[in-house]
Asker: 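To start, I am sharing the structure in question, which I have written as structure tokens.
Note that ligands are numbered from 1 as they come in the structure, with each ligand's atoms numbered from 1 the same way. The model shown is predicted, which means the values in this text are computed figures rather than measured ones. Counting from 1, the numbers follow the sequence of the chain as shown.
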Amino acid sequence: MDNFDVLVIGGGPGGYVAAIRAAQLGFKTACVERWLDPAGKPALGGTCLNVGCIPSKALLDSSHHYEFIAKHAAAHGITASPELDVATMQARKEKIVGTLTQGIAGLFKKNKVTWVQGSAKFASPGEVVVSDAQGKETQRIKAEHVIIATGSVPAAIPPAPVDQDLIVDSTGALAFTEVPKRLGVIGGGVIGLELGSVWRRLGAEVTVLEALPDFLAAADQAVAKEAHKLLGRQGLDIRLGARVTEAKAARKQVTVSFEVDGQSETLKFDKLIVAVGRKPNTEGLALDVAGVGVDERGFISVDERCHTGVGNIWAVGDCVRGPMLAHKASEEGIAVAERIAGQKPHVDFAHIPWVIYTWPEIAWAGATEQALKAEGRKIKSGSFPFMASGRARAMGDTDGFVKVIADAESDAVLGVHVIGPNASELIAEAVLAMEFGASAEDIARTVHAHPTLSESMHEAALASDKRAIHF
Ligand code: FAD
Ligand code: NAD
């Protein structure tokens with residue numbers, strides 16, 4: 001039996017970050033992780049590094065370059081006809097993943113976190129049994145504190161069972177070895193739009209079947225409307241209100257039947273991606289043995305401090321309530337390690353940034369206009385289009401805008417919504433502003449370098465007071 005102060009189950013962005021922070025705080029810390037890479041080698045990093053954030057961004061960047069060369073370079077006076085080598089693109093992606101996951105193993109060594117390879121299961125609230133891939137028990141660990149960070153897995157729908165050949169989930173869609181001629185995507189959410197964009201840029205005809213009648217219902221509706229228009233113009237065929245009734249895989253193609261407004265339709269695809277959300281990953285953990293409860297959707301029940309209500313057991317990241325985002329998981333992991341050390345950290349759930357890495361990118365933080373109006377809040381807002389930005393013009397990336405929403409009386413910034421080039425980077429300023437309780441006037445009075453895309457944030461803040469200079 002091995003004894004630790006802190007045992008973390010799961011080595012994704014929630015778990016590995018919690019383990020490093022706990023070790024920094026002086027705790028004898030172990031992290032159990034069972035992930036095996038495609039070559040069967042144990043790997044840290046969880047969904048995010050292995051089959052999520054990082055590989056998807058690698059392919060998004062590669063495919064963005066391809067599309068730039070194919071469609072936009074000529075406008076810069078550069079003529080080239082790109083040749084696509086999917087194998088090299090995929091090998092580049094794998095190399096990035098490998099470098100980063102090994103980097104975490106290095107960080108564990110540096111911080112003296114013990115990586116226990118295998119699958120963990122509760123034997124009692126403070127004791128865990130670890131098994132290898134064959135299910136054979138390899139180790140028993142006792143710990144003063146346990147942090148569960150077991151993440152999430154793709155959700156399934158009965159009409160479209162995933163076979164990872166013709167019908168794939170996000171993991172399969174990151175590993176295509178050639179560009180499918182016709183690609184179907186069930187789910188017009190973050191994964192559907194990002195991975196749909198990757199393969200469209202590389203030449204696939206992409207149809208997205210989204211069940212809801214509204215596009216990107218969680219986003220500010222002005223941004224969602226613009227995104228729908230721009231992504232449609234790029235060639236994503238987005239069908240809203242589509243109820244998939246059957247997906248039949250034959251030898252080389254998938255036939256998908258769906259209904260829109262009561263009308264049945266059938267489409268044939270070479271590949272079909274199912275991207276209808278993710279569900280908490282708690283199978284095989286024996287939570288009942290530890291006495292840890294789950295809510296009606298299977299998420300581990302925790303309070304605002306990520307405490308399960310059972311002894312010294314905590315849970316963070318995708319396996320608990322809240323957005324399924326890597327940075328949310330990591331901040332919760334850090335906060336729990338600090339709570340164990342008796343500190344009083346705080347995670348501001350109201351200002352967690354969201355980013356969708358299409359091009360233009362979509363990013364927001366804080367409240368949407370529709371949510372604030374539904375609450376009856378008196379608001380004002382200002383928007384600034386990238387069309388009017390000198391830097392965006394120089395880049396040749398003029399689609400989209402920045403929208404700043406502020407309280408009508410106090411001028412406090414309540415939400416910032418961006419669709420445009422590098423929105424993923426621009427949103428950080430808005431998050432910081434809201435974190436510090438800034439007013440739109442504070443952003444308007446802050447000097448922004450010229451010529452930068454960030455001037456559009458400045459101008460949108462000015463616009464909320466009807467005094468934008470360049471629009
Ligand atoms: P995970 O990363 O899922 O890690 C959990 C780990 O626990 C896994 O490694 C698993 O093997 C391990 N584990 C589970 N059970 C056990 C057990 N019993 N014993 C031992 N180990 C166990 N988020 C963003 O913020 N930005 C993005 O750009 C982004 N892109 C994404 C793209 C895709 C295609 C996908 C699928 C997701 C993306 N996400 C993104 C979401 C992000 O990956 C997750 O929010 C994040 O990984 C959650 O971190 P986590 O630590 O909670 O869980
Ligand atoms: P999602 O919740 O973003 O989107 C799923 C979509 O599928 C929704 O629009 C939903 O209405 C639709 N849907 C559900 N059932 C359907 C059905 N039967 N037929 C048609 N449509 C259906 O989920 P996702 O895109 O699978 O991503 C999962 C999670 O991973 C997200 O919560 C997200 O936070 C995370 N993620 C984040 C990023 C990022 O931060 N850039 C990227 C990828 C994934």
Side-chain angles (χ1 to χ4, degrees), residues 8-18 31-36 42-57 59-60 101 116-122 128-131 148-160 169-171 173-174 185-196 198 208-218 239-245 258 273-287 315-320 322-330 332-333 352-358 361-363 424:
V8 183
I9 307 177
Y16 85 75
V17 170
C31 176
V32 192
E33 172 55 72
R34 67 180 174 203
W35 197 282
L36 299 176
L44 291 164
T47 304
C48 170
L49 270 76
N50 290 285
V51 292
C53 324
I54 299 300
S56 60
K57 267 77 253 179
L59 292 184
L60 277 155
T101 56
V116 178
Q117 292 168 6
S119 215
K121 181 172 135 182
F122 280 102
V128 154
V129 179
V130 181
S131 313
I148 308 170
T150 49
S152 63
V153 288
I157 47 167
D169 59 20
S170 55
T171 302
L174 287 166
V185 183
I186 305 182
V190 196
I191 293 181
L193 296 179
E194 289 187 1
L195 296 184
V198 165
V208 178
L209 303 172
E210 165 57 47
L212 291 179
D214 296 319
F215 184 62
L216 287 182
R239 313 281 184 97
L240 297 175
R243 198 175 72 83
V244 175
T245 50
F258 61 98
I273 305 175
V274 180
V276 294
R278 294 177 61 83
K279 59 174 191 182
N281 182 16
T282 55
E283 225 178 273
L285 255 183
L287 287 175
V316 302
D318 278 13
C319 65
V320 305
M324 288 180 159
L325 296 173
H327 40 287
K328 175 263 192 185
S330 296
E332 285 183 334
I352 292 174
W354 280 86
V355 179
I356 306 176
Y357 295 82
T358 47
E361 292 180 340
I362 299 163
S424 58

Asker: To check your reading of the model: name the closest protein heavy atom to atom 7 (O) of ligand 1, its residue, and the distance in Å.
Answerer: Gly10 CA, 3.2 Å
Asker: Please list the nearest protein heavy atom to atom 29 (C) of ligand 2 with its residue and the distance rounded to 0.1 Å.
Answerer: Arg278 CD, 3.8 Å
Asker: Quick check on contacts: which atoms of ligand 1 are under 4.0 angstrom from a heavy atom of Ala329?
Answerer: 49 (O), 52 (O)
Asker: Hey, does Ala211 come in under 3.5 Å of ligand 2, counting only N/O atoms on both sides?
Answerer: yes
Asker: Output yes when a side-chain donor or acceptor of Ser330 lies under 3.5 Å from a complementary backbone atom of Pro13, and no otherwise.
Answerer: yes
Asker: Using a strict 4.0 Å cut-off to heavy atoms of Ile157, name the atoms of ligand 2 that fall inside it.
Answerer: 18 (N)
Asker: Just how far is it from atom OG1 of Thr47 to atom CG of Asn281, taken to the nearest 0.5 Å?
Answerer: 7.5 Å
Asker: Would you indicate which of Gly189, Ser170, Gly192 comes nearest to atom 4 (O) of ligand 2 when only heavy atoms are counted?
Answerer: Gly189
Asker: Quick test: of every protein heavy atom, which one is nearest to atom 19 (N) of ligand 1, and how far off is it to 0.1 Å?
Answerer: Ala120 N, 2.8 Å
Asker: When you look for heavy atoms under 4.0 Å from ligand 1, do you find them on the side chain of Ile9, its backbone, both, or neither?
Answerer: side chain
Asker: Using the side-chain contact (heavy atoms from CB on, under 4.5 Å) definition, which of the options Val276, Asp169, Ile191 pairs with Pro154?
Answerer: Asp169
Asker: State whether the shortest distance between N or O atoms of Met324 and N or O atoms of ligand 2 falls below 3.5 angstrom.
Answerer: yes
Asker: In the protein, which heavy atom is nearest to atom 3 (O) of ligand 1, and how far is it?
Answerer: Thr47 OG1, 2.6 Å
Asker: Verify, without hydrogens or angle tests, whether Lys328 (side chain) and Ile352 (backbone) share a donor-acceptor contact under 3.5 angstrom.
Answerer: no
Asker: Would you mind telling me if ligand 1 is within reach of the side chain of Ser152, the backbone, both or neither, using heavy atoms under 4.0 Å?
Answerer: backbone
Asker: When you measure from the side chain of His327 to the backbone of Pro353, do you find a donor-acceptor pair of N or O atoms at a distance under 3.5 Å?
Answerer: yes
Asker: Please write down residue, atom name and distance for the protein heavy atom closest to atom 43 (C) of ligand 2.
Answerer: Ile191 CG1, 3.3 Å
Asker: Counting heavy atoms only, which of Leu216, Val355, Val276 comes nearest to atom 13 (N) of ligand 2?
Answerer: Val276
Asker: Is it the side chain, the backbone, both or neither of Ala149 that has a heavy atom closer than 4.0 Å to ligand 1?
Answerer: backbone
Asker: Would you check whether Val190 has a nitrogen or oxygen atom less than 3.5 angstrom from a nitrogen or oxygen atom of ligand 2?
Answerer: yes
Asker: For atom 26 (O) of ligand 2, which of Gly277, Ala242, Ala156, Pro323 has the closest heavy atom?
Answerer: Gly277
Asker: Using a strict cut-off of 4.0 Å, indicate which atoms of ligand 2 neighbour a heavy atom of Leu209.
Answerer: 20 (C), 21 (N)
Asker: Quick one: does Glu33's side chain have a donor or acceptor within less than 3.5 Å of a partner on Gly10's backbone?
Answerer: no
Asker: Hey, are the side chains of Leu240 and Pro213 touching, using non-hydrogen atoms and a 4.5 Å cut-off?
Answerer: no
Asker: Which bit of Glu194 is near ligand 2, meaning a heavy atom under 4.0 Å away: side chain, backbone, both or neither?
Answerer: side chain
Asker: Which value, rounded to the nearest 0.5 Å, describes the distance between Thr101 atom OG1 and Ile54 atom CD1?
Answerer: 10.5 Å
Asker: At under 4.0 Å between heavy atoms, is it the side chain or the backbone of Ile191 that contacts ligand 1, or both, or neither?
Answerer: side chain
Asker: Taking side chain as C-beta onward, heavy atoms only, is Leu216 less than 4.5 Å from Ile362?
Answerer: yes
Asker: Does any non-hydrogen side-chain atom of Leu195 lie less than 4.5 Å from one of Val185?
Answerer: no
Asker: Please work out whether any backbone atom (N, CA, C, O) or any side-chain heavy atom from C-beta onward of Val51 is under 4.0 Å from ligand 1, and answer side chain, backbone, both or neither.
Answerer: backbone
Asker: State, to 0.1 Å, how close Ser56 and Leu174 come at their nearest heavy-atom pair, and which atoms those are.
Answerer: CA-CD2, 3.6 Å
Asker: Starting from atom 7 (O) of ligand 2, locate the nearest protein heavy atom and write down its residue, its atom name and how far away it is, to 0.1 Å.
Answerer: Gly187 CA, 3.3 Å
Asker: Give the atoms of ligand 2, by number and element, whose distance to some non-hydrogen atom of Leu212 is under 4.0 Å.
Answerer: 11 (O)
Asker: Does ligand 1 have an atom under 4.0 Å from some heavy atom of Leu44?
Answerer: no
Asker: Between Leu44 and Leu49, is any pair of side-chain heavy atoms under 4.5 Å apart?
Answerer: no
Asker: Would you say Leu174 and ligand 1 have an N/O pair spaced under 3.5 Å apart?
Answerer: no
Asker: Please state which option from Glu33, Lys57, Gln117, Glu283 has its nearest heavy atom closest to atom 12 (C) of ligand 1.
Answerer: Glu33
Asker: If you measure from each non-hydrogen atom of Ala326 to ligand 1, which part falls under 4.0 Å: side chain, backbone, both or neither?
Answerer: both
Asker: I want to know if ligand 2 touches Glu210 in the polar sense, i.e. an N/O pair below 3.5 angstrom.
Answerer: yes
Asker: Determine whether any heavy atom of Lys121 lies closer than 4.0 Å to an atom of ligand 1.
Answerer: no
Asker: Heavy atoms only, cut-off 4.0 Å: how does Cys53 contact ligand 1, side chain, backbone, both, or neither?
Answerer: both
Asker: Starting from atom 16 (C) of ligand 1, what is the nearest protein heavy atom, named by residue and atom, and what distance separates them?
Answerer: Arg34 CZ, 3.5 Å
Asker: With the side chain counted from C-beta on, respond yes when Arg239 and Val208 share a heavy-atom pair under 4.5 Å apart, and no when they do not.
Answerer: no
Asker: Between Tyr357 and ligand 1, find which residue part has any heavy-atom pair under 4.0 Å and reply side chain, backbone, both or neither.
Answerer: side chain
Asker: For atom 37 (C) of ligand 1, which candidate among Pro154, Gly317, Gly52, Gly333 provides the closest heavy atom?
Answerer: Gly52
Asker: By number and element, which atoms of ligand 1 are closer than 4.0 Å to a non-hydrogen atom of Asp318?
Answerer: 44 (C), 45 (O), 46 (C), 48 (C), 52 (O)
Asker: When you look for heavy atoms under 4.0 Å from ligand 2, do you find them on the side chain of Leu325, its backbone, both, or neither?
Answerer: side chain
Asker: Just heavy atoms, cut-off under 4.0 Å: does Arg278 contact ligand 1 by side chain, backbone, both, or neither?
Answerer: side chain
Asker: So which heavy atom in the protein is nearest atom 5 (C) of ligand 2, and how far is it from that ligand atom?
Answerer: Ala275 O, 3.5 Å
Asker: Calculate, to the nearest 0.5 Å, the distance between atoms CD and CZ belonging to Gln117 and Arg34 respectively.
Answerer: 14.0 Å
Asker: Would you check the N or O atoms of Leu195, main chain and side chain alike, for any that come under 3.5 Å of an N or O of ligand 1?
Answerer: no
Asker: What atoms of ligand 2 come closer than 4.0 angstrom to any heavy atom of Ile186?
Answerer: 19 (N), 20 (C)
Asker: Test of understanding: given a 4.0 Å heavy-atom threshold, classify the contact between Lys328 and ligand 1 as side chain, backbone, both, or neither.
Answerer: neither
Asker: Compare Gly14, Gly284, Pro323 and give the one whose heavy atom is closest to atom 51 (O) of ligand 1.
Answerer: Gly14
Asker: May I ask you to list the atoms of ligand 2 that are less than 4.0 angstrom from any heavy atom of Tyr357?
Answerer: 41 (N)
Asker: If you define the side chain from C-beta out and look only at heavy atoms, does anything of Ile148 sit under 4.5 Å from Leu285?
Answerer: yes
Asker: Rounded to the nearest 0.5 Å, what's the gap from CZ on Phe215 to CD on Glu210? Could you check?
Answerer: 8.5 Å
Asker: Any heavy atom of Ser119 closer to ligand 1 than 4.0 angstrom?
Answerer: yes
Asker: Drop me the distance from Ser424's OG to Lys57's NZ, to the nearest 0.5 angstrom.
Answerer: 9.5 Å
Asker: Between atom CZ of Phe258 and atom OG1 of Thr245, what is the distance when rounded to the nearest 0.5 Å?
Answerer: 9.0 Å
